[in-house]
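Report on one structure; see the data block that follows.
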Amino acid sequence: MSRRFRQVDVFGTSALGGNPVAVVLDAEGLSTEDMVRFTAWTNLSECTFVLPPEDAAADYRVRIFAPGTELPFAGHPTLGTARAWLDAGGVPRTPGVIVQECGVGLVQVRDKDGRLAFTAPELLRGGPVEDAYLQQVTEILGIGPGDVVESRWIDNGPGWVGVLLRDDRAVLDLAPDASRHPGRWDIGVLGPCALGSPDAFEVRAFFTDGAGPLWEDPVTGSLNASGSQWMIDTGRASLPFVNRQGTAMGRDGRIHLSGSAGHPGPDGTLWVGGTATVVFSGEFRG
């Protein structure tokens, strides 16, 4: 059976400068095992599979997979899926607003001036990080406890633990190694950029699937959503601002955070946006 397929570059500021996601449209009939196998075959950080919605308020339903696991939510796959759906002829019920159904419920995606933005979901887990766990995180990152300005659980689906370092250079200098700490890790690191920079924070995302080596994700929507909520809540950032991610990997991703009056919008919404460009368009025959 042929199913429509798109591969989308998300958050890039130049050609192929962002984070790719594979999107299989018309995914009805694929089993979970099929989706897991396809995701592994692509060798990308995430793949998504578009299905008819179960909630009448949604435009479509999506299942999001990373290697070895299904995610209730992820940021760049959300924008990439919305772009693929629109590119394939999807028309939202409300002009300019796509409503996606996924594991965390309904997520709005705004389509404005050629840029897509999603509403940051609520945290599934927040609060301080346990000392023993943070010790392992710092060992993986190759830094000492004194290098950490603050840490916090900022899990909005993928499981992120957030680590704030003193500046962007400290973030870029990281050379993490999880070989002595088996298991699943989802570590997000932020550091403020220099005063006067057009970017607010340098961001890096490291994760494992619980079995393989530590990976770095080029540009990560979910982490920028929860990490930015953290920075806003602690008075370290005021909206609107732009985060930078991918520098260490030769990418040039930018994530645009917006709301109003220095806080998430009047309805409590934080918008997380960026570019989403279809690079490949074709069919998945399977």
Side-chain angles (χ1 to χ4, degrees), residues 1-53 58-67 70-71 73-103 107-118 215 217-222 245-246 249-256 272-286:
M1 179 177 176
S2 294
R3 306 170 191 274
R4 293 174 297 170
F5 170 82
R6 301 290 189 274
Q7 189 160 317
V8 186
D9 187 62
V10 184
F11 292 128
T13 60
S14 62
L16 308 181
N19 199 354
V21 60
V23 182
V24 177
L25 300 133
D26 317 308
E28 303 99 309
L30 289 175
S31 68
T32 297
E33 292 72 22
D34 292 332
M35 296 178 187
V36 169
R37 187 163 55 251
F38 181 82
T39 301
W41 178 81
T42 66
N43 202 33
L44 296 176
S45 60
E46 282 104 357
C47 295
T48 71
F49 300 86
V50 181
L51 299 156
D59 291 300
Y60 59 81
R61 181 166 63 95
V62 65
R63 295 182 68 182
I64 304 170
F65 287 81
E70 184 171 3
L71 302 174
F73 172 78
H76 98 273
T78 291
L79 297 190
T81 302
R83 176 61 70 207
W85 183 78
L86 291 169
D87 187 72
V91 178
R93 289 175 171 83
T94 302
V97 180
I98 302 105
V99 180
Q100 171 181 287
E101 181 182 356
C102 59
V107 176
Q108 289 188 355
V109 180
R110 181 175 61 187
D111 183 7
K112 184 178 180 181
D113 301 327
R115 181 185 296 161
L116 298 179
F118 65 83
W215 291 22
D217 199 35
V219 200
T220 316
S222 60
Q245 190 179 355
M249 304 178 71
R251 308 285 179 91
D252 56 353
R254 295 295 187 279
I255 304 90
H256 296 257
V272 183
T275 60
T277 305
V278 174
V279 177
F280 297 115
S281 177
E283 295 180 343
F284 163 48
R285 298 180 182 179

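The first residue of the sequence shown is numbered 1, and numbering continues consecutively from there.
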| field | Under 3.5 Å side-chain donor-acceptor pair for Tyr60 and Glu101 | value | no
| request: Please check if any side-chain donor atom of Thr78 sits under 3.5 Å from a side-chain acceptor atom of Gln100, or the reverse. | output: yes
| Looking at Val8, Val10, Ile64, Val23, which hits side chain to side chain contact (heavy atoms under 4.5 Å, CB included) with Pro77? | Ile64
Just distance, no hydrogens or angles: give the donor-acceptor pairs under 3.5 Å from side chains in residues 277-286, sequence neighbours left out.
{"unit_1": "Ser281", "atom_1": "OG", "unit_2": "Arg6", "atom_2": "NE", "d": "3.3"}
{"unit_1": "Ser281", "atom_1": "OG", "unit_2": "Arg6", "atom_2": "NH1", "d": "3.2"}
{"unit_1": "Glu283", "atom_1": "OE1", "unit_2": "Ser2", "atom_2": "OG", "d": "3.4"}

Could you check if a side-chain atom of [X] sits within less than 4.5 angstrom of a side-chain atom of [Y], using non-hydrogen atoms only?
X      : Y      : result
Gln245 : Asn19  : no
Val107 : Cys102 : yes
Leu51  : Arg63  : yes
Thr13  : Thr275 : no

[X] [atom1] to [Y] [atom2] distance, which is reported to the nearest 0.5 Å:
X      : Y      : atom1 : atom2 : answer
Arg254 : Arg115 : CZ    : CZ    : 12.0 Å
Leu79  : Asp9   : CG    : CG    : 11.5 Å
Arg61  : Thr81  : CZ    : OG1   : 13.0 Å
Cys47  : Trp41  : SG    : CH2   : 9.5 Å

Which atoms form the tightest heavy-atom contact between [X] and [Y], and what is the distance?
X      : Y      : value
Gly274 : Phe11  : CA-CD2, 3.8 Å
Thr220 : Asp217 : OG1-OD2, 2.9 Å
Leu25  : Ala88  : CD1-CB, 3.9 Å
Ser222 : Phe118 : N-CZ, 4.4 Å
His76  : Ser45  : CE1-OG, 3.6 Å
Pro218 : Gly18  : CB-O, 4.1 Å

Taking [X] for the side chain and [Y] for the main chain, is one N or O donor matched with an acceptor at less than 3.5 Å?
X     : Y     : answer
Asp87 : Ala84 : no
Thr42 : Thr39 : yes
Asp26 : Arg3  : no

| task | Begin from the C-alpha positions of Leu44 and Val21 and carry the test side-chain contact (heavy atoms from CB on, under 4.5 Å) through to its verdict. | result | CA-CA 7 Å; Leu44 296 176; Val21 60; 5.8 Å; no
| What pairs with Asp59 under side chain to side chain contact (heavy atoms under 4.5 Å, CB included), at least two apart in sequence or on another chain? | Trp85, Pro92, Arg93, Ile98, Val99
